[in-house]
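All values below were derived from every heavy atom in this structure, side-chain atoms included, with hydrogens, water molecules and symmetry-related copies excluded.
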Amino acid sequence: MFRKLFNSELGRLNTEEFKASDKTPAVVVLDNVRSQHNVGSAFRTCDAFRLEKIYLCGICAVPPTADIHKSALGAEFSMDWEYCKDTLEVVKRLRDEGYVIVSVEQAEQSTSLSDFRAEPGRSYAFIFGNEVSGVRQDVVDASDICLEIPQYGTKHSLNVSVSIGIVLWGALNMNTIK
């Protein structure tokens, strides 16, 4: 028989412990994600994988807002984040800091997530794009890797918040880079 665990039994870090803890050597960059619910979901997912930081670029809303909080459930307080008007500026800075730049996008010569193997000791910047137009082409052009989630149905894409969860699970959990 299974018994659901209470939150108090999960052994999670509090916000202060989280901020002081070692992080997974990865960041998420949101390129013009318009939905505040998707931004909040990104915060919550990045917290779950204990990422270093989340970058909100272009038209992304920034905390504090009620809609971000509704999806983030407080992760906007635990996660380090930064707003930057231009995604390409963030990409250039992260490259200079040694990050492997990974655009999550459907593109020619993309790498399937199922074939992706993160290298231990490397840091990764995963870029996720606008709900309609995806990652900007100039950002894709500046990437080291273009990563694609295999899909088999009739739709052309997944919701960006779903994509973030799938990619981080596949890239960071199954292919541990810690």
Walk me through whether V162 and I149 qualify under side-chain contact (heavy atoms from CB on, under 4.5 Å). CA-CA 11 Å; V162 172; I149 301 168; over 6 Å; no
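- Legend: residues meeting side-chain contact (heavy atoms from CB on, under 4.5 Å) with I59, ordered by chain and number and at least two apart, are N32, R34, N130.
- One finds the CZ atom of F116 at 8.0 Å from the OG1 atom of T111 (value rounded to the nearest 0.5 Å).
- Between H69 and F77, the ring planes lie tilted relative to each other; the angle falls in the 30° to 60° range.
- A continuous path of ILVMFWY side-chain contacts below 4.5 Å connects F49 to F43, so both sit in one hydrophobic cluster.
- Take S114 and apply the side-chain hydrogen bond (donor to acceptor under 3.5 Å, both in side chains) test, not counting sequence neighbours, and it matches S112.
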Check against side-chain contact (heavy atoms from CB on, under 4.5 Å), F128 and V167: CA-CA 10 Å; F128 297 88; V167 167; 3.9 Å; yes
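- Neither L73 nor V160 shares a network with the other; the hydrophobic side chains, linked directly or stepwise wherever heavy atoms of I, L, V, M, F, W or Y lie under 4.5 Å apart, form separate groups for each.
- Contact detail for E105 and S110: the closest heavy-atom pair is O-CB, 4.2 Å.
- Applying the side-chain hydrogen bond (donor to acceptor under 3.5 Å, both in side chains) test to S35 and every residue at least two apart in sequence or in another chain returns nothing.
- Under the 3.5 Å distance criterion, the side-chain polar atoms of T45 are matched with a main-chain donor or acceptor of S41.
- Listed by first and then second residue, the salt bridge (charged side-chain N to carboxylate O under 4.0 Å, His left out) pairs that reach into residues 141-166 are R95-D144, sequence neighbours excluded.
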List the steps and the verdict of side-chain contact (heavy atoms from CB on, under 4.5 Å) for V62 and W81. CA-CA 9 Å; V62 298; W81 65 273; 3.7 Å; yes
Side-chain donor/acceptor pairs under 3.5 Å, residues 5-13, sequence neighbours excluded:
from, atom 1, to, atom 2, distance (Å)
E9, OE1, R3, NH1, 3.1
E9, OE1, F6, N, 2.7
E9, OE2, R3, NH2, 2.8
R12, NH1, L10, O, 3.4

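- Contact between F126 and A26 at its shortest, heavy atoms only, is CE1-CB, 4.1 Å.
- Under the 4.5 Å side-chain contact rule for hydrophobic residues, L147 and I54 share a cluster.
- Heavy-atom minimum distance, D80 versus E52: CB-O, 3.6 Å.
- Applying the salt bridge (charged side-chain N to carboxylate O under 4.0 Å, His left out) rule to pairs touching residues 63-79 yields nothing, sequence neighbours excluded.
- With rounding to the nearest 0.5 angstrom, the CD1 atom of I166 is 8.0 Å from the CD atom of Q151.
- Listed by chain and residue number, Q36 satisfy the side-chain hydrogen bond (donor to acceptor under 3.5 Å, both in side chains) test with T65 (two or more places apart in sequence, or in another chain).
- Y124 is connected to I164 through a chain of hydrophobic side-chain contacts under 4.5 Å among Ile, Leu, Val, Met, Phe, Trp and Tyr, so both are in one cluster.
- One hydrophobic cluster holds both V28 and I145 under the rule that ILVMFWY side chains link at heavy-atom gaps under 4.5 Å.
- To the nearest 0.5 angstrom, E97 atom CD is 5.5 Å from L94 atom CG.
- In plain terms, the two heavy atoms of I68 and P63 that are nearest each other are CD1-N, 3.8 Å.
- For the pair S163 and L158, the tightest heavy-atom approach, listed with the atom from each and the gap, is OG-CB, 3.5 Å.
- Between V33 and S161, the closest side-chain pair of non-hydrogen atoms is not below 4.5 Å.
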Criterion side-chain contact (heavy atoms from CB on, under 4.5 Å) on L51 and M79, from CA distance to verdict: CA-CA 8 Å; L51 266 55; M79 281 300 304; 4.2 Å; yes
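- By the side-chain contact (heavy atoms from CB on, under 4.5 Å) test, S78 pairs with T15, F18, D47, A75, sequence neighbours left out.
- Once rounded to the nearest 0.5 Å, the distance linking NZ of K23 with SG of C46 reads 12.5 Å.
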Enumerate donor-acceptor pairs with a distance under 3.5 Å from any side-chain N or O in residues 86-93 to protein atoms, sequence neighbours excluded.
from, atom 1, to, atom 2, distance (Å)
D86, OD1, R136, NH1, 2.8
D86, OD1, R136, NH2, 3.1
D86, OD2, E89, N, 3.4
T87, OG1, D31, OD1, 2.7
R93, NH1, E82, OE1, 3.4
R93, NH1, E82, OE2, 3.1
R93, NH2, E82, OE2, 2.8

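- The shortest distance between side-chain heavy atoms of L113 and P150 falls below 4.5 Å.
- Between C146 atom SG and I101 atom CD1 the span is 12.5 Å, to the nearest 0.5 Å.
- Listed by chain and residue number, nothing satisfies the side-chain hydrogen bond (donor to acceptor under 3.5 Å, both in side chains) test with S157 (two or more places apart in sequence, or in another chain).
- S71 places a side-chain N or O within donor-acceptor distance of the main-chain N or O of H37, the cut-off being under 3.5 Å.
- Looking only at distances, no side-chain donor or acceptor of Y99 sits under 3.5 Å from a matching main-chain atom of R122.
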